Protein chains: 2
Amino acid sequence: MPKPAINPRKRPRQTRSAATFDLVLEAAARILERGGLAAFNTNAIAERAGISIGSLYQYFPTKEAILAELIRRKRNILLGHMQTAAQQGQSARLAPAIDALIDAGIAHQLSRPNLARSLEYAESLLPITTETETLKQQIVHAIASVLAAHGIADPALAARDLAALTRGMIDSAGLFGETDAASLRNRVRRAVFGYLGIPQGKRRQAV
Amino acid sequence: MPKPAINPRKRPRQTRSAATFDLVLEAAARILERGGLAAFNTNAIAERAGISIGSLYQYFPTKEAILAELIRRKRNILLGHMQTAAQQGQSARLAPAIDALIDAGIAHQLSRPNLARSLEYAESLLPITTETETLKQQIVHAIASVLAAHGIADPALAARDLAALTRGMIDSAGLFGETDAASLRNRVRRAVFGYLGIPQGKRRQAV
DNA sequence: GCAATTTATGAGTAAATACTCACATATGCT
DNA sequence: AGCATATGTGAGTATTTACTCATAAATTGC
């Protein structure tokens with residue numbers, strides 16, 4: 001049961017400390033990537049980052065705060081991509097808009113699949129902070145807005161389902177070592193369009 | 001990085017010890033359910049099981065062995081359900097066969113969603129044992145055999161995708177606190193049939 | 001009842017791990 | 001240069017945790 005302290009301790013003011021801050025996050029990400037949550041401890045992170053344990057604790061009060069910050073950053077990036085995709089898709093036809101959303105999801109999750117998986121699981125363990133929750137809702141909302149604009153019934157539920165289904169497929173592909181985003185995209189497409197009950201943009205038979 | 005010891009230390013011989021064995025597993029499951037992998041430690045498990053730590057280590061050489069046994073049992077049950085569903089669906093029409101498989105998945109994952117999620121993640125961290133891997137392959141194979149019997153292209157890949165997509169949707173529903181299996185089933189159905197590019201058994205508009 | 005075997009106990013140990021603090025060094029400002 | 005502030009250090013501490021072992025109790029077979 002993690003403690004309440006979840007936010008960074010202090011923001012770096014000099015450029016040198018900003019570098020340290022990032023060093024910690026990147027080291028943490030690499031450890032999660034290789035050893036998962038089981039290998040995730042502050043001593044290991046400091047060592048891998050090449051800094052002292054004291055420096056780490058200057059910026060992060062608990063190890064959960066490191067996880068939370070990783071989640072926040074990754075989510076923010078995804079949200080940005082999703083929002084631009086959604087905005088462009090608001091007026092266009094539905095199929096290309098969906099494609100853009102799918103591509104954003106694949107790009108987000110397939111580059112470092114183990115990291116994505118660990119963060120995903122870690123989030124389900126962390127106490128819910130308003131900020132992370134808001135980010136999540138915004139992402140779903142971005143998807144839902146596209147669906148709503150094209151008259152899909154219950155867009156909020158559909159958005160949640162589509163995000164989940166897509167995440168599941170990409171995660172599985174990542175575990176299997178797939179790297180061909182195009183093939184994966186096609187398969188996700190079929191499921192998504194099928195769920196929505198709409199004909200696909202370009203017809204394609206089973207891969 | 002877990003140690004190689006992954007199998008139970010010894011099998012219980014008397015009925016009393018079989019009860020202890022099960023007590024450990026159920027306590028472990030409850031801890032995973034409530035606190036996730038972060039709360040999963042042998043002292044806590046023994047305490048919750050109401051037995052001594054020494055007794056726990058009579059049957060499980062490491063805590064990873066407990067996880068592995070939980071995974072094995074759960075997988076075995078799922079495999080059983082999947083195989084019967086697959087066998088019945090071999091000769092019947094595709095749609096009802098798929099429905100049976102989906103129902104098995106939902107029953108498996110929606111009753112204790114937090115447990116399922118933790119075990120899923122734990123497995124990605126554990127060293128791969130032949131047995132667990134075989135079970136996984138058998139499950140995918142059961143699905144694939146149904147698909148193959150009905151002429152679906154690349155049944156192995158499709159089976160993997162469908163399992164992943166379904167798992168993702170059920171997991172998300174579980175996190176959200178959904179308990180209505182019927183509604184969920186309908187939505188999963190749409191995605192699955194859409195992926196397969198086949199018309200659905202019963203037409204249903206978006207929920 | 002009695003020995004052999006199985007099962008249960010829990011104090012104890014060694015190691016891992018989260019986190020602190022007194023101090024050192026670097027940087028910015030005037 | 002000199003002061004204030006920001007940043008970096010790592011030995012050290014308290015706690016958690018995986019796991020052992022000597023011993024006790026229960027069960028089985030006779």
Side-chain angles (χ1 to χ4, degrees), chain A residues 1-28 31-32 35-70 122 125-127, chain B residues 1-28 31-32 35-70 122 125-127:
Chain A
M1 302 298 148
K3 303 175 189 169
I6 260 294
N7 291 319
R9 178 160 280 173
K10 70 176 171 194
R11 288 283 164 179
R13 308 189 174 220
Q14 302 179 0
T15 48
R16 128 181 108 123
S17 64
T20 306
F21 192 89
D22 288 352
L23 231 46
V24 171
L25 289 177
E26 182 50 30
I31 287 179
L32 275 185
L37 269 185
F40 189 81
N41 68 73
T42 50
N43 294 318
I45 294 169
E47 190 183 3
R48 167 146 245 149
I51 64 167
S52 77
I53 183 68
S55 290
L56 184 153
Y57 276 97
Q58 292 256 335
Y59 302 104
F60 300 96
T62 64
K63 71 167 180 168
E64 283 77 21
I66 303 176
L67 284 172
E69 181 66 15
L70 280 175
L125 258 43
L126 258 36
Chain B
M1 301 299 146
K3 304 174 189 171
I6 261 295
N7 290 318
R9 177 160 280 173
K10 70 176 171 193
R11 287 283 163 180
R13 307 188 177 220
Q14 303 177 0
T15 47
R16 137 178 101 124
S17 64
T20 306
F21 192 89
D22 287 353
L23 230 46
V24 171
L25 290 177
E26 182 50 30
I31 286 179
L32 275 185
L37 269 186
F40 189 81
N41 68 75
T42 51
N43 295 317
I45 295 170
E47 191 184 2
R48 165 145 246 148
I51 63 166
S52 77
I53 182 70
S55 291
L56 184 153
Y57 276 96
Q58 292 256 337
Y59 302 104
F60 301 96
T62 64
K63 71 167 182 170
E64 282 78 21
I66 304 176
L67 283 173
E69 181 66 14
L70 280 175
L125 257 43
L126 257 37

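It should be emphasised that the depicted structure is a prediction, and the values quoted were computed from it without experimental measurement. First the proteins, then the strands, lettered A, B, ... as listed; each starts at 1.
- Checked against Leu25(B) for a side-chain contact (heavy atoms from CB on, under 4.5 Å), the options Thr20(B), Ile45(B), Ile66(B) give a single hit: Ile66(B).
- Residue-to-nucleotide proximity on DNA chain C shows that, of Thr15(B) and Ala44(A), the 5′-proximal contact is made by Thr15(B).
- Looking at residues two or more places apart in sequence or on another chain, you find a side chain to side chain contact (heavy atoms under 4.5 Å, CB included) between Asp22(B) and Arg73(B).
- The phosphate of dT9(C) (OP1 or OP2) has a side-chain N or O of Ser55(B) nearer than 4.0 angstrom.
- Distance, Tyr57(B) OH to dA22(D) C1': 18 Å, rounded to whole Å.
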For Val24(B) and Tyr59(B), what are the C-alpha separation, side-chain angles and deciding distance, and is it a side chain to side chain contact (heavy atoms under 4.5 Å, CB included)?
CA-CA 9 Å; Val24(B) 171; Tyr59(B) 302 104; 5.7 Å; no
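- At the heavy-atom level, Ser17(B) lies under 4.0 Å from the strands shown only through sugar-phosphate atoms.
- Contact annotation: Thr42(B) side-chain N/O to dA18(D) OP1/OP2 distance is under 4.0 Å.
- Nucleotide dG8(D) holds its C1' atom 16 Å from the CZ atom of Phe21(A), rounded to whole Å.
- Atom-to-atom, CD1 of Ile51(B) to P of dA26(D) comes out at 17 Å; the value is rounded to the nearest Å.
- Whole-Å rounding puts the Gln58(A) CD to dC23(C) C1' distance at 12 Å.
- Phosphate contact (OP1/OP2 of dG10(D), side-chain N/O of Ser52(A), threshold under 4.0 Å): absent.
- In this structure, Ile45(B) atom CD1 and dT17(D) atom C1' are separated by 11 Å, rounded to whole Å.
- In this structure, Phe60(A) reaches neither bases nor backbone, as no heavy-atom distance under 4.0 Å exists between it and the strands shown.
- In this structure, the CD1 atom of Ile53(A) is 13 Å from the C1' atom of dG12(D), given to the nearest Å.
- Closest approach of Leu70(B) to Ala28(B), counting heavy atoms only: CD1-CB, 4.0 Å.
- Using a 4.0 Å heavy-atom criterion, one finds that Asn43(A) contacts the bases of the nucleic acid, with or without backbone contacts as well.
- When all heavy atoms of Leu125(B) and Leu37(A) are compared, the closest pair comes out as CD2-N, 4.3 Å.
- Mapping Gly54(B) and Arg16(B) onto DNA chain D via the closest heavy atom, the residue that lands nearer the 5' end is Gly54(B).
- dA18(D) atom P lies 20 Å from atom OH of Tyr59(B), rounded to whole Å.
- A straight line from CD of Glu47(A) to P of dG10(D) spans 12 Å, rounded to a whole angstrom.
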